[in-house]
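Reviewing the structure listed below.
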Amino acid sequence: MQGVWRELAGLVLPVACAGCGRPRTELCVECRRVLARDGRGARRVRPRPEPAGLPRVWAGVPYADEARAVLLAHKERGALRLAAPLGAVLAGAVRGLRPGAGALLLVPVPSARRAVAGRGHDPVRRITLAAAADLRRGAGNGVGEGAGARVLAVLRQRRTVADQAGLSARQRLANVAGALEVRGGAERLLTGLPVVLVDDLVTTGATLAEAARAVTAAGGRVTGAAVVAATGSAFPGAFAGGGIRRDSVGDRGKRGRTARGRAAEGYPGK
């Protein structure tokens, strides 16, 4: 119900760009350009230290400034229409994994029930649905990367996880160890199909590593993970004079322009 009221409020109340505050637009052209990284696209990221069991991870943007503001507006302030542009960023990260055109399961990392109830929506699942639609739409003739993508929300928390804000990488690993599981009876849905884990943000990689463990234990085949954004520790060189590494989509092997902004803190729990 909260989501319905937010949508109605967006129709009658003045709006401002979620990224920069520019009036009369929910997301301005300039901030859309930032989300697209000036056309450079997604890239592979590696948290340091890299936790055991972490699959390949591709991220759409560094978690800073406009991108951070847009993610927070969608997640915490219920700007639900931002799911589409954020989903497009996530779809780019999925394409970076080169999943092919066949059947592909996008499995979102679950949020705590209390968090979903408090926000009135599940932000990661909403963005994942938008990404799947973008992948199918972008494939056009059904043979492009991710053409067979569909969302399968089968992960759940099996126990309470403490707030990870302020924890070290090792403490975060211990905090989420064994915390996720595949819902009972859903194991058969994973059989024989490639799985891409999806989340809005990666910081230390602890949550994605735990998600990979849970899916693998249930018989799934995890081929990688895709996220909307990655913090500076996982997105090296993205904030100050860094170039684009060789595995960057859309600009392989070229030096990119200096990314705007500075590194910002990530969400707790990633």
Side-chain angles (χ1 to χ4, degrees), residues 32 35-37 39-47 54-63 67 70-71 74-75 82-111 122-155 189-190 192-203 205 207-209 211-212 214-216 220-231 234-235 238 244-252 270:
R32 288 180 186 274
L35 290 180
R37 297 187 65 232
R40 289 173 290 173
R43 61 173 288 179
R44 187 172 180 180
V45 296
R46 295 179 176 90
L54 182 70
R56 295 179 301 146
V57 183
W58 279 69
V61 290
Y63 184 63
V70 173
L71 270 169
H74 174 262
K75 184 172 188 173
L82 293 174
L86 290 172
V89 176
L90 180 60
V94 173
R95 291 187 184 101
L97 291 164
R98 296 291 187 261
L104 177 68
L105 301 178
L106 303 183
V107 177
V109 170
S111 300
D122 186 333
V124 175
R125 185 171 183 176
R126 186 180 293 272
I127 294 173
T128 305
L129 289 168
D134 187 279
L135 287 164
R136 293 191 297 268
R137 185 168 55 249
N141 57 9
V143 297
E145 296 285 348
R150 63 186 179 93
V151 179
L152 190 66
V154 294
L155 282 174
L189 301 176
L190 298 168
L193 296 176
V195 171
V196 171
L197 302 170
V198 292
D199 206 348
D200 51 1
L201 177 72
V202 62
T203 53
T207 303
L208 286 174
V215 170
T216 302
R221 178 165 60 91
V222 177
T223 60
V227 297
V228 175
T231 55
F235 217 122
I244 305 305
R245 294 170 60 177
R246 288 191 299 274
D247 51 4
S248 176
V249 169
D251 197 4
R252 296 181 184 275
K270 304 296 183 180

Separation of [Y] [atom2] from [X] [atom1] (nearest 0.5 Å):
{"X": "E145", "Y": "L135", "atom1": "CD", "atom2": "CG", "value": "9.5 Å"}
{"X": "L129", "Y": "D122", "atom1": "CG", "atom2": "CG", "value": "9.0 Å"}
{"X": "I127", "Y": "L71", "atom1": "CD1", "atom2": "CG", "value": "6.0 Å"}
{"X": "D200", "Y": "L86", "atom1": "CG", "atom2": "CG", "value": "9.0 Å"}

So which atom in [X] and which in [Y] form the shortest heavy-atom distance, rounded to 0.1 Å?
{"X": "P123", "Y": "K75", "result": "CG-CG, 3.7 Å"}
{"X": "G220", "Y": "L190", "result": "CA-CB, 4.0 Å"}
{"X": "P194", "Y": "A103", "result": "CG-O, 3.3 Å"}
{"X": "G224", "Y": "P55", "result": "CA-CB, 3.9 Å"}
{"X": "P62", "Y": "A67", "result": "O-CB, 3.6 Å"}
{"X": "P108", "Y": "L152", "result": "CD-O, 3.7 Å"}

R37 side chain to A42 main-chain N or O, any donor-acceptor pair under 3.5 Å? no
Any donor-acceptor N/O pair, R150 side chain to A132 backbone, under 3.5 Å: no
V202 vs L54, side chain to side chain contact (heavy atoms under 4.5 Å, CB included): CA-CA, chis, key distance, verdict: CA-CA 11 Å; V202 62; L54 182 70; 5.7 Å; no
Side chain to side chain contact (heavy atoms under 4.5 Å, CB included) evaluation trace for V107 with L197: CA-CA 5 Å; V107 177; L197 302 170; 4.2 Å; yes
A226 meets the side chain to side chain contact (heavy atoms under 4.5 Å, CB included) criterion, sequence neighbours left out, with L90, A93, V94, L97, V196, V198
